[in-house]
Each structure stands twice: as structure tokens, then as C-alpha cells.
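The structure appears below as C-alpha cells.
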Amino acid sequence: MTAMTKTAAAVLISFGALGAIGAHAAGVTVTISCGSVGQDFEFCKKAGDEWSAKTGNTVKHLSIPQSSSDILGLFRQMFAAKATELDVLSVDVVWPGLLKEHLLDLTPYANGAQKDHFPAIVANNTVNGKLLAMPWFTDAGVLYYRKDLLAKYNEKAPTTWAELTATATKVMEGERKAGAPDMQGFVFQAKAYEGLTCDGVEWVSSFGGGNIVDSTGKITINNPQAAKALDTAAGWIGTIAPTGVLNYGEEEARGVFQKGNAVFMRNWPYAWSLSQGADSPVKGKVGVVALPKGDGGKTAATLGGWQLAVSKYSKNPKESADLVMYLTSAAVQKDRAIRGSYNPTIAALYKDKEVLTANPFFGDLYDTFVGAVPRPATITGAKYNEVSAAFWNATHEVLSKKSTGAESVKKLEGKLNGIRRGPNWN
Ligand code: GLC
């Protein structure tokens, strides 16, 4: 066992229904990792307990970091050591090509249940004909805004980045003068990690600057619209956004917005239910719209989302797959949607009255969710993480004013050519 796996093993916390062990002596223990952003853990724990009660098996939870990039690092180390400590894992939508060697084919366990889920996500999770992960929830970047503040300043939700900049400036300055010195205009994810790739893909795509690498594998990032998008975002740092945003992930941005200290926030849908919680200072004051567009572009939301998979090294593949099928079922997805604003991957749930009442924007922004822009993960396959890291670092340099958009995308093109090494990515 490597040092890292020991660490991972040391953070295993058992939350299994202990009473069930005696009652169902034949049950096995299944260890799952299922996220630590927002209410991720709480929801996963509840559904895991339900499955335990039904089956007599025990669920252990592996506590994992918040950043998708850090989680990937941890899983890769555990897989390299063929660690048996992890049975069921949460898989980011951009990972199937990176983790394909280590995940079990779920086809025999799914009994066709994958047919109820969005076909594009099922296709994303299918590598060489193997269904490596079941869709669990989908994600798309959206713009949160303060309804009350926009009304106070007689402004509307922006549809362009220029409008967002102008409105954020006006409301922020007005509120600061009116005695709210901590008010910010716009918060988002700009730490150097996968979340910045997501925000950056939205900026570049919304300016008509393409998607880093196109679907044929061509490196397209070195273009004036992409440079302009990054320069525009750099203009927000230290003006409408705090410089601290350069170190923000999802939860840091949500912390500022939910405290009432930002006019706009870019985040994923999970932040909605939390912003409407009984203890939220912005309850009833928040609206959600599609992200703004740039000059010559159109609104773009990055496709995110998580799947559940079974490790090839699991000693209990059958029970692990059964847990995956339970957690990704329509009943669990419905509960998560209503109480946690997690977007279902089952199209029928977007017609469910209770789901739509709890999350009005699931209906209004349906096109955003089904038309979200995938990061270039399928085409770059096993090299996706290197591609993404090169992009988030290039973007971070522009945001920190170490480089201009034009210099940065030119350098990035060279770097990506080096990562591809030849005409094809794989
Ligand atoms: C969200 C998305 C995921 C993305 C991550 C980046 O969790 O669902 O796809 O990679 O954010 O921070």
C-alpha cells in the first residue's frame, strides 16, 4: 500500500447503520466516495442509509477533497495501487476517458436502466462499448443575481458581459456608498483548477472563440475572440471582482454571494437550494438566468456533472453496482432535485411538478441544460487532464495580469501541440 493509499484509508469514516450489521450478518461493506461540495455528503449519506436498510449491507464513506482536480489525483493514486478500499466512486463528466482502465462495465447490472437517462451523457460514459458509469446528476454553469438589488437600481438581468460589467459596477458602487463596504459585483471560480477551465470555456465560447480543441482534434484556442474573452475576464479582477477570486472554487464564491456580499455569481445549480435555505440571508432575493454572451457570440454554459462507477478492484462488485443503481434511480434523483437542486439526468423528471416548483429555472433553462458545451474530454481522451491544466494555467496568467490574452493563447497553442505529440490525441 502506498503512502497515499494509507492516507486515503485513514480518512475512511464509517457511517454505516451499525445496527444493521448484527441484524444482517451476511451483508457486506461497500465504500463510496461521493463529494464534499455543498450538501453532497449529506444527500449521499441519506440515500446510502436507505440502501443499507433495504439490503442489509453497510455503506462506508470515503471523505474526499472539494476540488475535482484534487479528487482525480487521489483516485489515480488509489487506482495505481489497485486499492481495494474504494468500491463506488463519483466520476466527473470529463473523466471516463482518463479512468477507463479502472472502472467496471456496468451493462450487465443496469438492466437497460440507462435508457431513461440523457443519451448524450450515457454516450459520454460509454467507452469502447462499455458502460463505465451511471449518470447521477448533470450540471451547467448559470448566472445567479440579486433580484432585490437589481430592482432597487432599476436594472435588468444582463444578457451580455458588457451589461453585466456595467450593472455590477453601478450596484456595487451604490451599495458601498450606502454602507455595505464588502459588496462585490461578480464572483466566480478563478483558482487554478478544473473549475477555472469550466468558467474559461464559457467565456471563450460565449465570444465565439471555440472550445480549445474542436471535435476533430484540431487545436483552435489561438484566435482573437478567445484572447478577447480572457482579456475581458481579466478586466473584472480588482474592479467588479475581488482579487481573492483568483483563489476561489465553487464554495468560496457561494460563501460571498450567500452572505449577501455580491450582486452576481457564476455557479452550478446546487447553489440554488442552499441560497433558498431557511438560514440564508439571500432567501427570496435570488434569480437565475443563462450566462451572458460576448461580442459576436452567444450564451454558453459548460457541461458538468457527476456519474457513479464501480472500481475494478472492488471485492464486492455486485453489491457495489446495486448501490450505484439505487443512487442513480429516478426516486433518488427526484429527491435530490427537490431538496438539493441537483439536476436529474432523467429527462422525465424535468416535467415533474414538484421538481419544477422547487427549481423554477430547471424549466426556464432547460435548453441551457441540454445544450451545454462539453469540455474537449472525449477527443483528448487520456490527455484531457493535461490539456485542461494547460488551459486553466494560461487563463490564470491572464487573470493575474502576468500575460495578455493574445500572448497566452499563442503560448497555449504551442503547449497543446506538445501534449498531443503528433496528428492524433490518442
Ligand atoms: C462541478 C461540475 C464538474 C466540474 C467541476 C469543476 O462539480 O459538475 O463537471 O468539473 O464543477 O469544479
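Remember, it's 1-based here, ligands and their atoms both numbered in the order they're listed. Keep in mind it's a predicted model, so treat the numbers as computed, not measured. Hydrogens, waters and symmetry mates play no part in the numbers below; they use all other heavy atoms, side chains included.
Scanning all protein heavy atoms for the shortest distance to atom 9 (O) of ligand 1 gives D92 OD1, 2.6 Å. Taking atom 12 (O) of ligand 1 as the reference point, the nearest protein heavy-atom neighbour is E250 OE2, 2.6 Å. Counting protein heavy atoms only, atom 8 (O) of ligand 1 is closest to D139 OD2, 2.5 Å.
Put simply, no part of Q189 is less than 4.0 Å from ligand 1, judged by heavy atoms. Between Y193 and ligand 1 there is a heavy-atom distance shorter than 4.0 Å. For the pair V94 and ligand 1, no heavy-atom separation below 4.0 Å is found.
When the heavy atoms of W268, Y342, W306 are ranked by distance to atom 11 (O) of ligand 1, first place goes to W268.
Checked for salt-bridge contact, E42 and K45 miss the test: no charged N lies under 4.0 Å from a carboxylate O. Checked for salt-bridge contact, K312 and E101 miss the test: no charged N lies under 4.0 Å from a carboxylate O.
Remark: of the listed residues T345, N125, T138, T345 is the sole one forming a side chain to side chain donor-acceptor pair (under 3.5 Å) with H117.
The structure places OG1 of T169 at 12.0 Å from CZ of F186, a figure rounded to the nearest 0.5 Å.
Of the possible polar contacts, one joining the H396 side chain to the L246 backbone as a donor-acceptor pair under 3.5 Å is found.
Remark: ligand 1 atoms within the under-4.0 Å shell around heavy atoms of G195 are 6 (C), 12 (O).
Ligand 1 has no N or O atom lying under 3.5 Å from any N or O atom of E194, backbone or side chain.
Side-chain atoms of L99 and L132, non-hydrogen and from C-beta on, never get closer than 4.5 Å to each other.
If you look at F43 and Y342, their ring centroids are closer than 6.0 Å.
Within the 4.0 Å heavy-atom criterion, neither part of K191 lies near ligand 1.
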